[in-house]
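This report concerns only the one structure given below.
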Amino acid sequence: MNLDDYRTLFVAVSLVLILISTVPVISMVIPRNAEPFFAMGVLGENMMAAQYYPDDNPNIQVGSLVRWHLGVYNHMGSVQYVAVRVKLLNSTLPSSNSSSCVPSDVPAFFEFRHVLVKNETWWFPFYWSISEVMPQGDSLVITQLVVNNMTLGLNAQAFSGYNFRVVFELWVYDEVLQGFDFAWKSGGEDRCVWNQIWFNVTLSE
Amino acid sequence: MRAPSVLRILLVLALLFIFASSPFIVKSYKSIGEDSFSSAIDRAEGVVVSAYGVVLEAERAGADISGLADQLNVVAGLLVQAHLQYEAGNFSGAVYIAGQCYEIAEGVETEAYALRDWAAVDGVQRFWLMIMAWVISLFVIVCGSFFGWRVFKRRYYRKVLRLKPEVSK
């Protein structure tokens, strides 16, 4: 190597060092653009995607305790105020729509609220049992549920007690709307998340 | 004899009117009561949302808001309880819980304002510190390269001058 080659090497090393020292300043000024999203999941009794029903039997009897665990993950890049609204539907009632982000029009019988910090996953139990069922013609009507030791009155019916479903909708507080919204913005588009688990109700074994 | 009988009829009519209208009076009184209970919850909702807004601002300013988020979660849980109590018809319980929400959320809001302002000042200080550190590092790199190059060049020439020339045939 002659002197000119060494000079080129010196200049190149200096430029690389200048570039490295500039990276923290640039990253401080330019925000990172990661796709914002929420994720929501329902796990069974042992925090696994199994054992959703007592004895793995989806025919739930009055008084049987069902143990589910719900998880919500915040990847929105900032703190978020969220609500998980729980609804009880049958197979004929319209459910939430993922593509148009329209929630089910059935009113929620229970709600969880939480303030999620950036990248936080919030797990919480949803333990429930049916405490009162009334037969009405060919249908069974659930009139009372116990959720996390709280007794709630409601009125949800299904033919012969078949195909009830618990729907979990994630609602996000929108500062512009000044209220909870069943959608969030991601790349100019509305995104939403909801989940459902089906079950039947039996009056006896 | 006629005057007392007219009076008696009027009295009976008045009593009948009061008796007939009492359910409406009680009902409207009850609805006024429910409205005030509901407005207590709405007030609590308002202050929670306002506190959340300030917490969001504090986070944008660069503050660590995990402690405030924990407190807000307590309030959020209480708010849900207040709504459930209200729907179950336990209005006084709902108002009591809503009052607790209001107090805690107000505290969170005040704390969040302080944290936001502190974080804003701290953020500006950190920014200028970073800029200063960057300028110093640039200066060190440029000077280091310049003087390093001079030293290297001198050594290089010395080394070259020390070399004995050979004449090849």
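First the proteins, then the strands, lettered A, B, ... as listed; each starts at 1.
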Would you indicate whether [X], at its atom [atom1], is surrounded by more than 12 heavy atoms from other residues, nucleotides or ligands within a distance under 6.0 Å?
| X | atom1 | value |
| --- | --- | --- |
| A:Met134 | CE | no |
| A:Tyr52 | OH | yes |
| B:Tyr157 | OH | no |

Contacting moiety of [X], where chain A heavy atoms sit under 4.5 Å:
| X | value |
| --- | --- |
| B:Glu45 | side chain |
| B:Ala69 | both |
| B:Gln71 | neither |
| B:Ser145 | both |
| B:Val160 | neither |
| B:Leu68 | neither |
| B:Val75 | neither |
| B:Phe127 | both |

Of all heavy-atom pairs between [X] and [Y], which one has the smallest distance, and what is that distance?
| X | Y | value |
| --- | --- | --- |
| A:Tyr173 | B:Val49 | OH-CG1, 2.7 Å |
| A:Tyr81 | B:Ala76 | CE1-CB, 4.2 Å |
| B:Ile141 | A:Ser14 | CG2-O, 3.8 Å |
| A:Leu3 | B:Trp149 | O-CH2, 3.6 Å |

*Nearest 0.5 Å, what's the CG-CG distance between A:Leu116 and B:Asn73?*
7.5 Å
_Spacing of A:Arg113 atom CZ and B:Leu72 atom CG [to the nearest 0.5 Å]_ = 12.0 Å
*What orientation do B:Tyr156 and A:Tyr6 show, parallel under 30°, tilted 30 to 60°, or perpendicular over 60°?*
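Because their plane-to-plane angle is over 60°, the rings of B:Tyr156 and A:Tyr6 count as perpendicular.
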*Evaluation steps, side chain to side chain contact (heavy atoms under 4.5 Å, CB included), between B:Gln85 and A:Met150*: CA-CA 10 Å; B:Gln85 294 292 330; A:Met150 274 175 271; over 6 Å; no
_Residue pair B:Trp134, A:Thr22: steps toward the side chain to side chain contact (heavy atoms under 4.5 Å, CB included) verdict_ = CA-CA 7 Å; B:Trp134 179 59; A:Thr22 311; 3.1 Å; yes
*What residue in A:Lys118, A:Glu120, A:Arg7, A:Gln178 has the most heavy-atom pairs under 4.5 Å with chain B?*
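That would be A:Arg7.
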*Might you work through the side chain to side chain contact (heavy atoms under 4.5 Å, CB included) test for A:Val79 and B:Tyr52, ending with a clear yes or no?*
CA-CA 9 Å; A:Val79 63; B:Tyr52 164 69; 4.3 Å; yes
_side chain to side chain contact (heavy atoms under 4.5 Å, CB included) between A:Val115 and B:Asp70, intermediate numbers included_ = CA-CA 8 Å; A:Val115 174; B:Asp70 287 343; over 6 Å; no
